Amino acid sequence: MAKKEKEFVQDITPMEVDFPQWYTDVILKTDLVDYSPVRGFMVIKPYGYAIWENIQKYMDKRFKDTGHKNCYFPLLIPESLLKKEAEHVEGFAPEVAWVTHGGKEELQERLCVRPTSETIICSMYAKWLKSYRELPYLYNQWCSVVRWEKTTRPFLRTSEFLWQEGHTLHETYEEAQAETLQMLQIYKETAEDLLAIPVVTGRKSDKEKFAGAYATYTMEALMHDGKALQAGTSHNLGQHFTQAFEITYLDRNGDMQNPYHTSWGVSTRLIGGIIMVHGDNRGLVLPPRVAPVQVVMIPIAQHKEGVLDKVYELKKSLGEDIRIEIDDSTNYSPGWKFNEWEMKGVPIRIEVGPRDIENNQVVIFRRDTLEKQPVSMDGLRETVLNLLDDIHEGLLEKARTMRDEKSYYVSDFKDFSKKMEASPGFAKAMWCGSRECEDNIKAQTSATIRCIPFEQEDLGDKCHFCGKEAKHMVYVAKAY
RNA sequence: CGGGGUGUAGCGCAGUUUGGUAGCGCAUCUGGUUUGGGACCAGAGGGCCGCGGGUUCAAAUCCUGCCACCCCGACCA
């Protein structure tokens with residue numbers, strides 16, 4: 001048995017042996033993605049895309065419930081527009097792709113493939129906005145963006161990725177700030193309530209903030225290998241762009257004003273987070289609320305009279321709101337199917353065989369704990385619904401425990417670099433707030449300040465890195 | 001961009017040292033027996049040996065140029 005178990009997972013490199021290889025094995029063998037002919041660009045296959053669709057469905061509803069509307073802006077942005085906000089161009093110029101020809105004709109002005117859409121959206125907002133009566137503007141778009149990355153990994157960093165970007169305008173700074181924080185909160189709830197990924201929220205340091213932002217807020221998750229993943233950002237852009245793009249309106253007093261501006265986004269990177277937070281050496285472990293298949297039903301000895309009929313009948317009794325797949329393929333053995341669907345991370349497996357039918361029961365297996373037990377066919381729907389919720393809570397709790405175990409306090413720089421080397425994770429420390437100090441941390445350890453968390457802890461009055469007067473408590477980690 | 005490595009069937013590889021009919025495992029297809037933790041038997045299909053040039057009677061193998069990809073260090077949701 002023990003020997004067998006080892007054989008089952010031989011296709012996937014154990015994560016303790018080689019975490020990056022484990023990740024690659026999992027995403028390829030479970031059919032989430034494939035590499036494309038263009039370096040750095042990935043194909044998202046149906047099983048992977050279904051996860052994204054479930055994320056979209058949840059988030060889109062949250063956006064609309066808070067008054068946002070969807071729209072679509074063009075893929076290509078004229079160079080002149082990109083250049084309008086100085087910090088912004090500087091930040092993105094190194095990684096934009098350019099379109100220089102239309103057919104055989106060289107273009108008068110080259111066009112960049114959007115790395116993000118602030119510039120083109122602001123240029124349109126400038127055209128549209130006239131009066132305070134139109135505010136706030138609460139728009140979002142679902143699209144893809146291109147950033148020419150040097151090193152890429154499917155979902156975590158690809159040259160093109162799918163995301164949503166919200167772009168809003170407001171009358172006051174306070175309103176814009178409230179919007180920025182509201183969207184971050186929705187992101188946090190998405191991570192925790194939908195994906196079962198616990199996150200730390202807070203503000204980015206000036207070094208790490210978005211190019212052109214007044215303030216950037218982030219949610220950070222910790223992966224199994226102790227590296228942090230920025231899972232979503234929300235920016236208060238102040239009036240940087242609205243001034244640069246001359247977006248003006250007449251306010252309540254008849255004065256000309258620039259509105260306050262926010263933008264916020266999450267991407268398909270979230271899927272990478274799901275994999276690296278919940279996955280194990282058997283493969284994916286999908287949180288039930290986004291799993292494309294929540295329940296897989298596997299008939300045993302399906303050639304025998306009545307087995308398949310019973311399976312179809314049970315599926316019907318479970319209801320249409322549960323995503324169920326029956327694997328009645330005949331070319332694989334039940335054992336093979338068990339392993340396959342476990343690898344694919346399906347939260348619940350229901351086995352139905354002649355013996356079960358005789359006893360009015362099914363055998364239920366849960367992916368997160370690998371527990372298997374017989375359950376009555378009566379009230380199966382309730383059993384399954386409760387179990388899906390239990391699995392969600394269990395995954396969230398487990399991920400929290402994992403994160404806390406990989407979080408630690410440091411006493412000084414030496415202690416910090418030693419710990420960061422020995423066991424990567426979230427280091428909690430006091431920081432003076434200076435750029436030199438932050439640069440130094442990165443230069444010495446390749447770790448970065450992930451965020452200044454909203455939930456501050458008082459760990460003393462001296463910077464743990466340079467000894468000067470401390471300003472904030474921060475989370476520091478190596479990041480994806 | 002700097003350092004190291006690899007290109008042979010869909011995937012993973014052997015063969016290259018010493019030139020001589022292009023192989024193995026998995027996957028795929030057909031037929032049959034199976035079915036409660038990756039079943040078994042029999043058969044079949046599948047190759048520009050990364051690309052170009054050269055040496056040779058003969059090149060996956062030797063020489064040469066190029067290309068691609070992977071890993072490790074500086075930029076990034």
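Letters go in sequence order (proteins before strands), and every chain restarts at 1. Everything numeric here is computed off the predicted structure, so don't read it as measured data.
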Euclidean distance, atom CE of residue A/Met297 to atom P of B/G36 [Å, nearest integer] = 18 Å

request  = Among B/G36, B/G37, B/A39, find the nucleotide with the atom closest to the side chain of A/Arg282.
outcome  = B/G37

task = Ignoring backbone atoms, test whether A/Tyr332 places a side-chain nitrogen or oxygen under 4.0 Å from the OP1 or OP2 oxygen of B/A27.
result = no

message = So if I take every side-chain heavy atom of A/Pro334 and compare against B/A74, B/U35, B/U28, which nucleotide ends up nearest?
response = B/U35

query = Considering every strand shown, what is the Watson-Crick or G-U wobble mate of B/G36 when both distances are under 3.5 Å?
reply = none

request  = Would you confirm whether the ring centroid of A/Phe413 sits within less than 6.0 angstrom of the ring centroid of A/Trp431?
outcome  = no

ask   = Atom CD1 of A/Ile12 and atom P of B/G38: how far apart are they, to the nearest Å?
value = 17 Å

key: Steps toward side chain to side chain contact (heavy atoms under 4.5 Å, CB included) verdict (A/Gln185, A/Arg62)   = CA-CA 11 Å; A/Gln185 180 60 26; A/Arg62 297 299 307 270; over 6 Å; no

request  = Could you give the distance separating B/A39 and B/C26 at their C1' atoms, to the nearest angstrom?
outcome  = 16 Å

task = Can you tell me the pairing partner of B/U56 across any strand shown, Watson-Crick or G-U wobble, with both distances under 3.5 angstrom?
result = none

query = Under 4.0 angstrom, heavy atoms only, what part of the nucleic acid is A/Gln302 near: base, sugar-phosphate, or nothing?
reply = nothing

ask   = If you measure from the P atom in B/G10 to the same atom in B/U6, how many Å do you get, rounded?
value = 22 Å

query = Distance-only, no hydrogens or angles: does the A/Asp356 side chain make a donor-acceptor pair with backbone N or O of A/Asn359 under 3.5 Å?
reply = no

Pairwise P distance for B/C49 and B/U61, with rounding to whole Å = 10 Å

Partner nucleotide, any strand, of B/C49 [Watson-Crick/G-U, under 3.5 Å] = none

query = Toward the 5' end of RNA chain B, which comes first, A/Leu229 or A/Val362, by nearest nucleotide?
reply = A/Val362

query = When all nucleic acid strands are considered with a 4.0 Å heavy-atom cut-off, which category describes A/Gly265: base, sugar-phosphate, or nothing?
reply = nothing

key: Distance, P atom - from B/G50 to B/A44, rounded to whole angstrom   = 28 Å

inquiry  = Without decimals, in angstroms, what is the distance between A/Asp439 CG and B/A74 P?
reply    = 14 Å

message = Would you say the rings of A/Trp264 and A/Phe63 are close, in the sense that their centroids are separated by under 6.0 Å?
response = yes

ask   = Taking atom types as modelled, is there a side-chain donor on A/Asn339 or A/Tyr332 under 3.5 Å from an acceptor on the other?
value = no

message = What's the gap between B/C11 and B/U18 when it is taken at their P atoms, as a whole Å value?
response = 31 Å

task = Give the rounded distance in Å between these two atoms: CG of A/Leu28 and C1' of B/G10.
result = 13 Å

task = Pick the C1' atom in B/G37 and in B/A22, then give their distance to the nearest Å.
result = 38 Å

key: 5' precedence on RNA chain B between A/Lys207 and A/Glu351 (nearest-nucleotide basis)   = A/Glu351

note = The Watson-Crick or G-U wobble partner of B/A42, with both key distances under 3.5 Å, is B/U30

task = Quick one: label A/Arg153 by what it contacts on the DNA or RNA (base, sugar-phosphate, nothing), any heavy atom closer than 4.0 Å.
result = nothing

ask   = With a non-hydrogen cut-off below 4.0 angstrom, is A/Tyr35 in contact with a base, only sugar-phosphate, or nothing?
value = nothing

query = Quick one: are the ring centres of A/Tyr125 and A/Phe245 less than 6.0 Å apart?
reply = no

Rounded C1' spacing from B/A60 to B/G47 in Å = 11 Å

key: No-H, no-angle donor-acceptor pair, A/Lys372 side chain to B/G37 base, under 3.5 Å   = yes

query = Between B/U35 atom P and A/Asn339 atom CG, what is the distance in whole Å?
reply = 19 Å

A/Ser333 vs B/U35: side-chain N/O to OP1/OP2 distance below 4.0 Å = no

key: A/Tyr312: partners by ring-ring contact (aromatic ring centres under 6.0 Å, His included), with sequence neighbours left out   = none

key: Closest nucleotide among B/G37, B/G36, B/G38 to the A/Ile300 side chain   = B/G36

message = Let's test this: given Watson-Crick or G-U wobble pairing with both distances under 3.5 Å, identify the partner of B/C24.
response = B/G12

key: Paired nucleotide for B/A68 [Watson-Crick or G-U wobble; both distances under 3.5 Å]   = B/U6

message = If you count every heavy atom of other residues, nucleotides or ligands that lies below 6.0 Å from A/Lys207 atom NZ, does the total exceed 12?
response = yes

request  = Would you indicate what A/Val363 reaches in the nucleic acid, counting non-hydrogen atoms under 4.0 angstrom: base, sugar-phosphate, or nothing?
outcome  = base

Whole-Å distance separating the NZ atom of A/Lys150 from the P atom of B/G2 = 13 Å

query = With both distances kept under 3.5 Å, what pairs with B/G73, Watson-Crick or G-U wobble?
reply = B/C1

query = Looking only at atom C1', what distance separates B/C40 and B/G4, rounded to whole Å?
reply = 46 Å

inquiry  = If I take atom CD in residue A/Glu342 and atom P in nucleotide B/G37, what distance separates them, rounded to the nearest angstrom?
reply    = 12 Å

message = Nearest whole Å is fine: how far is B/G5 P from A/Gln21 CD?
response = 20 Å

task = Check every strand shown and say whether A/Pro354 touches a base, only sugar-phosphate, or nothing at a heavy-atom separation below 4.0 Å.
result = base

message = Regarding A/Thr158, tell me which of base, sugar-phosphate or nothing describes its non-hydrogen contacts under 4.0 Å with the strands shown.
response = base

